[in-house]
Structure formats: structure tokens, C-alpha cells
Amino acid sequence: METAGENPFRYDAALAGDIEARWQKFWQENETFRADNPEGDLAGPLSEKEKFYLLDMFPYPSGAGLHVGHPLGYIATDTIARFQRMQGKNVLYTLGFDSFGLPAEQYAVQTGQHPRITTENNVANMSRQLARIGLSHDKRRVVSTTDPDFVRWTQWIFLQIYNSWYDPEATRRDGGVGSARPISELVAEFESGKRETPQKPWADMTEGERADLLDEYRLAYVAYSPVNWAPGLGTVLADEEVTAEGRSERGDFPVFKSRLRQWKMRITAYADRLAADLDSVDWPNKVIAQQRNWIGRSTGATVHFDIEPGQVTQQERLTVFTTRPDTLFGATFMVVAPEHELVGGEDATAEELTVPGQWPEGTREEWTGGHATPREAVAAYRAWAAARTDEQRLEEGTEKTGVFTGIYGTNPVNGKKVPVFVADYVLMGYGTGAIMAVPAHDDRDYAFATRFNLDIVTTIQPGEGFEEGAAWTGDGSIVNSENDEISLNGLNKAEAIKRIIAWLEEKEYGFATVTYRLRDWLFSRQRYWGEPFPVVYDEDGRVHALPESMLPVNLPELDNFQPRTFDPNDADTTPEAALSRAEDWIEVELDLGDGPKKYRRDTNTMPNWAGSSWYELRYTDPHNDEHLTSGANEEYWMGPKSEGASGGTDLYIGGVEHAVLHLLYARFWHKVLYDLGHVSSSEPFHKLFNQGYIQAYAYRDARGEYVPADEVEGTEETGWTYDGREVFREYGKMGKSLKNIVTPDDMCEEYGADTFRMYEMSMGPLEVSRPWDTRAVIGSYRFLQRLWRNVIDETTGEVTVTDEPADLETKKLVARTIADVTEEYENMRMNTAAARMIVLNNHLTGIHPVPREAIEPLILMVSPLAPHIAEELWSKLGHEGSLAREAFPVVEDESLLEEEKVTCVVQIAGKVRARLEVSPSISEEDLRDMALATDAAQKALGGREPLKVIVRAPKLVSIVLPK
């Protein structure tokens with residue numbers, strides 16, 4: 001490739017690099033991309049500017065650096081930010097770092113290097129790579145979750161949540177019902193008697209009893225709960241971090257069920273709002289569906305089955321939730337989770353199980369699991385199920401397992417005995433941990449019933465397509481469903497549900513219920529590199545929140561960052577966090593208002609979801625020492641635009657892999673802050689857009705070994721070779737092991753950042769994944785070279801543009817390009833915007849010299865995609881300063897958008913019978929209608945429908961007459 005030294009005026013990689021470095025320095029020194037706040041240290045003249053808050057998903061600074069797939073979303077948001085500024089808007093656009101996380105800690109374990117050093121090095125490298133491609137961030141607003149100031153406010157939010165409870169009857173600020181309230185208000189209600197306390201009055205309760213009661217209400221609380229324990233990692237994992245195979249996503253270690261005292265967040269209190277408020281945001285339908293599915297709202301009934309008296313269990317009733325109470329007459333057995341209280345609870349030993357010592361009369365051989373007694377059967381089954389994850393237990397298509405408990409319930413609608421089984425496909429965390437089984441109308445229950453020789457009673461009349469030997473899961477009329485007091489026979493589903501619920505409520509056998517699949521958020525991790533909890537424990541193990549004056553609680557310095565890990569298959573181990581080694585940090589003497597006392601800190605840390613659940617708020621006021629963000633700044637950037645709107649960032653762009661967890665957690669935190677009056681917006685992200693991914697081809701040789709992708713030769717037709725040997729192409733991810741990594745640094749070095757940006761935005765629609773092809777980058781490179789030559793003489797370096805007016809054809813093309821490119825940018829169709837500009841640029845290459853009135857609008861239109869070359873050409877054309885806030889071109893003479901007419905021939909029965917003057921861009925449908933409306937067509941058809949109409953827009957319509 002020719003270098004700038006050989007031809008200093010030719011646009012090549014060397015000249016592009018020089019131009020890009022100079023303009024990036026100019027932008028930085030002049031704070032070109034500053035976004036002004038209404039108040040505080042970032043305040044500025046807002047005038048009547050419309051604001052636009054544009055947000056990228058929070059990136060983790062990986063040690064591997066970026067490959068060309070990573071910046072796709074960032075280049076897109078930068079293009080949008082630049083376009084919006086040229087629309088005269090005040091644009092908040094910045095990028096911080098989600099810098100806590102397990103990778104840095106694992107690297108510290110391997111090397112001994114402190115995670116902070118690793119993280120800071122990674123942040124610096126990623127910042128350098130992103131700066132090289134010219135992203136227009138307001139760098140005054142950059143934050144990292146590991147910054148002590150950011151940690152302080154993360155801990156402050158945790159304390160707001162901890163010191164709050166959810167009152168389902170409170171009227172919130174937007175007029176809805178249900179809101180978080182300070183825990184002090186709950187205490188006041190208990191003290192005054194306005195709200196009753198269980199068992200005894202508040203005044204008669206001990207401090208410990210009061211604390212226990214409040215913990216049942218707090219939105220952040222400590223509880224013993226089932227957790228996913230990965231001995232090989234030495235930490236507990238959230239359900240979402242465990243694969244369907246029961247292994248850790250990171251490291252692929254076995255995961256076991258255990259019980260630990262963990263911090264949890266009562267996100268379930270917000271389940272209904274999290275589902276309902278999805279109607280207030282502008283998100284892709286796929287993401288909304290995923291969120292609703294995760295929340296899992298179900299309507300139905302709670303039903304009580306009496307337990308036959310005289311059995312070992314202490315429970316008199318077994319309560320279930322069902323979405324189909326209309327099928328109660330078909331419930332022939334029940335299933336409880338192995339951990340259910342009916343059989344003794346999760347912690348019961350084999351000796352403590354509350355099941356009969358002998359099989360009752362009527363027990364079928366298939367129910368026993370080959371054991372001599374119910375106690376042996378249930379104990380053995382519980383031990384087996386304890387080693388399985390929730391995902392394994394719920395996996396479809398596996399053979400059903402379970403054993404009879406020896407306990408019978410009574411079906412409330414017909415009085416029949418119903419055997420109760422334990423089976424692992426029922427979980428304690430969903431509903432009541434027990435189900436009624438209707439095998440005739442549920443595939444899972446049917447499989448269980450046939451496996452264990454249980455009765456099957458049809459209560460819904462099967463319809464067309466029913467096959468013998470299977471459950472009927474469709475709708476139909478209710479049958480076999482009546483007793484002396486109620487009949488559901490002949491009713492449809494909705495009518496039957498309504499009638500049976502009314503009967504259950506009248507008889508006090510049950511009531512209408514709404515449940516959720518969503519569970520409370522496990523918020524503890526046995527890791528070092530995370531935010532410490534801003535609490536301490538007294539000698540009785542009671543939690544004490546630290547005052548704000550003691551924040552932030554910073555991590556202690558350690559030499560060994562490794563949580564104790566164990567044999568990956570040793571399920572009987574328990575976590576020992578790395579922080580447990582910091583004894584001087586753990587043991588503290590503090591005065592929390594009642595004199596100096598000794599306390600212990602929590603040795604767990606927060607999950608890496610914490611910082612990413614609120615970072616968009618800190619961007620609005622990143623240096624505020626007194627508040628998370630000032631009310632005026634938050635309301636300006638994120639407040640609702642109209643009454644009844646939810647507010648939030650104007651546009652949020654990121655990958656669909658965050659469709660559930662990050663978005664759900666961030667919405668939960670935001671709603672708590674909204675309820676408590678700290679923010680004006682009830683949703684954090686108003687509009688969401690999911691970009692696709694850049695993937696790559698990789699090549700294997702005959703041995704299955706990967707070869708360097710950039711050294712492979714060939715085509716689809718000829719096949720592929722490497723070093724003269726045949727290789728085989730596959731499509732997927734980029735990765736070092738696949739030998740197909742291409743970095744932004746590589747592209748910027750070889751072509752320049754603007755070419756790299758243009759190519760990524762030209763590859764296809766932003767929402768669609770696409771393959772990387774280095775050989776195709778040359779097209780974007782040549783476009784920018786032609787743009788350069790349309791302004792600069794490559795021999796002399798002189799500007800060649802003329803001030804003479806452009807001809808009419810050129811004026812029309814410029815006007816059409818402005819109109820089209822504006823629409824494409826507004827709809828984030830950067831690829832088609834680039835295509836429109838390429839057409840205009842090619843047209844201008846045939847004009848010497850190029851008119852200023854044509855080239856200047858093109859340079860402004862190109863600038864969001866290729867800002868450095870645009871700045872340079874704008875400057876050479878005699879303009880001062882940056883074009884970043886120049887007005888985007890508009891079409892002032894609308895007549896230039898009017899298309900010239902073309903003649904369309906209308907043939908009838910093969911002969912020309914009419915001619916029409918039409919627009920070149922007329923649609924086939926419109927042209928067809930115009931042709932059929934002509935006098936010639938109307939006369940020839942005589943009121944009949946044509947046999948066929950052939951349209952070749954815009955020049956031909958052929959009408960075939962009926963016979």
C-alpha cells in the first residue's frame with residue numbers, strides 16, 4: 001500500500017492516521033462533545049435545546065482487548081450521537097466500565113497480580129482502542145464500578161433497598177397501587193398498632209424478635225436458602241449462571257444444591273409491576289416476551305387438599321396452586337418437592353422424615369421405588385435429588401422419577417383419596433412446592449402416571465387430532481366434573497374456572513391466586529473482587545446497616561485472592577470466601593449510636609450485576625458528592641416527556657444476551673429508587689435496540705486443526721486452501737483458538753479508523769448478524785479515497801472545489817440524497833445511508849471541478865460515519881473549528897425532490913391502448929390501479945375482472961382479458 005511519504009496528498013492509511021490523531025486531539029482539548037447539565041459542575045447553557053440521552057450497554061474491560069466484532073454497537077451509537085448533535089440536540093453520550101468481575105479475580109489467583117491492577121490495565125487498553133476509532137464520548141462523565149466514589153453510591157443504593165419494605169396497598173407517585181416505603185414507617189405502624197404484629201404486640205417483643213419480623217418485610221434481607229454451589233469455583237452461582245447440564249457457565253464445573261445464609265433482594269414484590277410496565281417502554285417484542293416469560297405471571301387458584309388424619313406428618317392440609325382449577329375432578333395424585341415440609345422440610349435427616357413407617361394398604365408396587373418402607377424410599381430419593389440442579393430437574397423429555405410418600409390427601413371436589421408423591425420436577429421456589437396432577441390433560445403428569453401406574457380421568461372432551469395413549473392438552477367442553485353441589489359439565493374453560501373458584505371460596509377450599517415464576521434475587525458472592533456489603537454483624541449475628549458517613553466500605557488489601565476451592569465433585573463442602581482471610585478488616589470496633597462495640601463485616605461481596613443496575617443514573621451527574629444524581633439533572637436527562645410516561649434513556653443499544661437479567665435487575669433497582677423519591681423516571685431505559693453480531697469464518701485442515709484465516713486463499717466455487725493444502729470453512733465466533741481474530745488496531749493501521757467505521761456500518765442492517773470479511777473492507781476505503789479526490793488534488797494538495805452553481809441533475813441528486821440519508825439515520829439504517837452517499841459521491845467524480853454546494857452537504861452527511869476525514873475536508877474548505885455541531889443538511893427547495901415523469905405503456909390483449917405519465921418510483925400496486933382505471937381498460941373489461949395483470953413498473957402494464 002502506498003504511504004504518505006511517497007505521496008503526501010493521497011488519502012491512504014498513513015494520511016488517515018495523521019488526520020485522525022490530529023482531530024481526536026482537537027476534540028479532546030476543546031471538549032467538543034460535552035453535554036451540558038442544568039446544574040452542578042457540568043452545567044452549561046441549555047437554551048431551548050432538545051436533549052437526547054444515548055446509552056451503550058456497560059462493557060466489561062476484558063484482558064484480551066477488542067476484536068472487530070466488539071465495536072459494532074459503539075460505532076452505531078457514535079454515528080447516532082453525531083447525527084443527533086447535528087440536529088441541534090444536547091446529546092449525553094459516554095462510556096464507562098463494568099470493572100468488577102470474576103475474570104480479573106481469576107487472573108489474580110493465577111498470577112498474584114491484584115485485580116485492581118489488572119482491571120486498570122484492561123480499562124486503559126480498551127479506552128485506547130475505543131479512542132482510536134474516534135468515538136465522541138463526553139469523557140468527563142466516564143465512570144468505573146471499581147472507583148471508590150462509584151462503590152460508595154452502589155452501597156448507598158443497597159442501604160436504601162435494605163431500609164425499605166414493599167407496601168402493596170400504598171399509593172405511589174404515579175397514582176398506581178403498591179410502592180416501596182422506608183422501613184421506619186413500618187416500625188411506626190407497628191408501634192402505633194395501625195398494623196398488627198403476629199402473636200404479640202410490638203411493645204412486648206424483644207429486639208431480636210422485632211429484627212426478625214422486619215427482615216420478613218425488608219427488600220434486602222439475609223436468609224438461609226437453596227443455592228447453586230460450585231466447589232470447583234469456590235463460589236455460589238445464580239440460577240442464570242448454571243447451564244442446563246448442571247454446570248457453571250464459567251469454567252464448566254459441576255454445580256450442586258446447598259443451603260447457605262445469603263443476601264437476597266425481594267424482587268418478587270415488584271413482579272407484577274415489572275411485567276405490567278413493559279407496556280410503557282419501546283422495546284423489541286422478543287425481549288419483552290423473554291422478560292414476561294422470566295417473570296412468569298400465572299393466574300389460577302390456590303386449592304387445599306385435606307391430609308387424612310392419623311398420618312405421621314403434622315400438616316393437616318396440603319396446599320397447591322393450579323392454573324387449571326377447572327380440571328380438579330381429574331386430579332388423581334399429587335406431587336411435592338423433595339424438600340417440602342409435608343415430609344419434614346429441607347433440613348430433615350432420614351430419621352426426622354414425617355412419613356409413615358410402613359406402606360399403607362392399596363400401595364402399588366410401582367410406587368415404592370423398590371424400598372421396604374416410605375421412610376427408606378423418601379430418604380433415598382431426597383439424597384438423589386439433592387445433587388441435581390433446578391435446570392436438570394425441569395428438563396423436558398427425561399424419564400419421570402419419584403416415590404410415594406405413604407401419605408394420602410383428599411380431593412375437595414369428590415372426596416377421593418389422592419396419593420402424594422415426591423418428585424424432583426416440582427420445586428420449592430415456585431408456587432407452594434406442591435402440585436395436583438391431572439394426567440389426562442398434562443403431558444408431564446401423563447408421563448408420570450403411566451410410569452407409576454396411576455389413575456387417569458378425562459375431564460376435558462378431546463377434540464380433533466386426539467391420539468390414544470397421550471394427554472389431551474387442548475381446550476374443549478368439561479366432562480366428568482360434577483358433585484352434589486356443583487357441575488362443570490358442558491362449560492368451556494373460562495366459565496368452568498370462574499364457577500369452580502367461586503365454589504372453592506364458598507367452601508373455604510381455596511381462592512383465586514396470581515403467582516410468578518420469578519424468585520428473589522440471590523445477591524451474595526463468595527468472591528473478593530466485588531463491592532463489600534455496607535453492613536456489620538453483632539455477636540448475635542444481627543445485621544446493622546452502616547451510616548452513610550462510613551461509606552464507602554473499601555476492600556482490604558490481600559495477597560491471596562482465591563476463595564477456597566474444593567474437589568469439583570465434592571458436594572459436601574461449603575464456601576469460604578477470600579475475604580475471610582482479612583481478619584483485621586473483618587473484626588471492627590464501631591460506634592453505631594450506642595457506644596463502641598465489636599462487630600464483624602460480611603465476607604461476601606455483591607454480584608457484578610450491582611454496578612450495572614444503576615450506572616446510567618451516575619452518567620447524568622458523575623461528580624456529585626451529595627447525591628446519587630441531582631433531581632434536576634436526572635429529570636432533565638431521564639424524566640418522563642409527558643404525563644403518564646415512564647421516562648428513561650432515549651435510546652439503549654446492546655446485545656440481546658442481556659434481554660433478561662441485566663434489564664430486569666436494573667428495572668427493579670430503578671423502581672425502588674422511584675418509589676422512594678430519588679428519581680423522577682419509573683423505568684431506566686425507554687427505547688431499546690438490539691444490534692446483531694459480527695461473526696467470522698474459520699478454517700480447519702484435514703487433521704481438524706485451525707489455520708490462520710487471513711492466509712487462506714480461494715472462493716466458494718474453487719474451494720479453500722492454506723499453504724497449498726485443502727482446508728474447510730466454518731462460520732461462527734471470532735477467537736484466538738480459531739485463529740481468525742481481527743482487531744480494530746489491525747484495521748486502523750492498514751486502512752484508517754474511518755474506513756473501519758464505514759465498513760462496519762455498511763455490512764448490513766444493524767440488527768442482523770453478519771460475517772466479517774477483511775477483503776471487503778477495500779470498498780469502504782475506496783469510497784473515502786474518491787471523496788477525498790473530489791475535494792483535494794492529490795498531486796498538489798490544493799482544494800479543487802468550485803463556487804459555481806451545480807447543474808440541475810446534481811442539485812436534484814443532492815436533494816434526494818439529503819432526504820434519504822436523513823430518514824435512514826433517523827431509523828438507524830446506517831448501511832443504506834452509506835449506500836445513498838456512495839451514489840452521490842460517484843456522481844460527483846464525473847464533475848470537474850466539483851461544486852461546493854454539492855460537496856459540502858455530502859461531507860456533512862458523511863461525518864457521522866467517517867468523522868475524521870469529514871472534519872479535515874470541512875476545514876480545508878475554509879470553515880473554522882469542528883463540524884460536530886454544524887446543522888445537518890436540509891432540502892430547502894422541495895421542488896428538487898419532485899421526480900421527472902416517465903411514460904408507461906398500457907397493453908390490452910397485446911396491443912397498446914393507453915399511455916400514462918408516472919413517477920419513476922411508482923409502486924407496482926399503484927401502477928396496476930392506474931392502468932385498470934384508464935378509459936381503455938374500463939371499456940375493454942366491461943365490468944369483468946381481468947384474467948391477469950402483468951406489471952413491470954414503471955414502464956409497462958399488460959392486461960390479459962378474460963375469455
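These numbers come from a predicted model, not from an experiment.
Side-chain contact between F756 and I133 is present, with at least one heavy-atom pair separated by less than 4.5 Å. A 4.5 Å side-chain heavy-atom check between N90 and L46 finds at least one atom pair inside the cut-off. Residues R181 and S164 have side chains not in contact (no heavy-atom distance under 4.5 Å, counting atoms from C-beta outward). Looking at heavy atoms from C-beta onward, L840 lies out of side-chain contact with R836 at the 4.5 angstrom threshold.
A salt bridge does not link R22 with E871: none of the charged nitrogens is closer than 4.0 Å to a carboxylate oxygen. Between D675 and R172 no salt bridge is recorded (no basic side-chain N to carboxylate O distance below 4.0 Å). D277 has a carboxylate O that lies under 4.0 Å from a charged side-chain N of K671, or vice versa, which qualifies the two as a salt bridge. Using a cutoff of 4.0 Å between basic side-chain nitrogens and carboxylate oxygens, E823 and R829 are scored as salt-bridged. D272 has a carboxylate O that lies under 4.0 Å from a charged side-chain N of R297, or vice versa, which qualifies the two as a salt bridge. Checked for salt-bridge contact, K89 and D650 miss the test: no charged N lies under 4.0 Å from a carboxylate O. Between R757 and D78, at least one side-chain N (NZ, or NE/NH1/NH2) sits under 4.0 Å from a carboxylate O, which counts as a salt bridge.
In this structure, CG in L664 is found 5.5 Å from CD1 in I295, a value given to the nearest 0.5 Å. Rounding to the nearest 0.5 Å gives a distance of 8.0 Å between CG of D745 and CZ of R132. Distance check: S630 OG to N37 CG gives 7.0 Å after rounding to the nearest 0.5 Å.
Around NZ of K49, the count of heavy atoms belonging to other residues, nucleotides or ligands within 6.0 Å exceeds 12. Shown here is D893, whose CG atom has more than 12 heavy atoms of other residues, nucleotides or ligands within 6.0 Å.
A donor atom on one side chain and an acceptor atom on the other are found under 3.5 Å apart for E856 and H879. The closest side-chain donor-acceptor pair between R85 and S136 falls under 3.5 angstrom. Judged purely by distance below 3.5 Å, without hydrogens or angles, the side chains of S680 and E634 pair a donor atom with an acceptor atom. Between S99 and Y60, the side chains place no donor N or O within less than 3.5 Å of an acceptor N or O (distance only, hydrogens not considered). There is no side-chain donor-acceptor pair under 3.5 Å between W874 and S882.
The six-membered or imidazole ring of W27 lies near that of H868, with a centre-to-centre distance under 6.0 Å. Aromatic ring centres of H658 and W609: separated by at least 6.0 Å. Aromatic ring centroids of F783 and W788 lie 6.0 Å or more apart. Annotation: H137 is not in aromatic contact with F33 [ring centroid separation under 6.0 Å not met].
Classified by interplanar angle (parallel below 30°, tilted 30° to 60°, perpendicular above 60°), the ring pair F158/Y162 is parallel. Taking the six-membered ring where the residue is Trp, W669 and F523 present tilted rings, their angle falling between 30° and 60°. The aromatic rings of F58 and Y615 lie parallel to each other, their planes meeting at an angle below 30°, with 60° marking the opposite boundary. Aromatic ring orientation, W637 versus Y53: perpendicular (interplanar angle above 60°, classes split at 30° and 60°). Aromatic ring orientation, F668 versus Y270: perpendicular (interplanar angle above 60°, classes split at 30° and 60°). Classified by interplanar angle (parallel below 30°, tilted 30° to 60°, perpendicular above 60°), the ring pair H662/Y652 is perpendicular. Ring orientation note: the planes of W772 and Y759 are nearly perpendicular, at an angle over 60° on the 30°/60° scale.
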Which is it for L219 and W165 under the side-chain contact (heavy atoms from CB on, under 4.5 Å) test, yes or no, and what are the steps along the way?
-> CA-CA 5 Å; L219 289 177; W165 64 293; 5.5 Å; no
K687 and W283: side-chain contact (heavy atoms from CB on, under 4.5 Å), yes or no, with the steps?
-> CA-CA 6 Å; K687 182 178 176 64; W283 289 10; 5.8 Å; no
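Evaluation of the salt bridge (Lys or Arg N to Asp or Glu O under 4.0 Å) test over residues 614-629, restricted to residues two or more places apart or in two chains, returns D149-R618.
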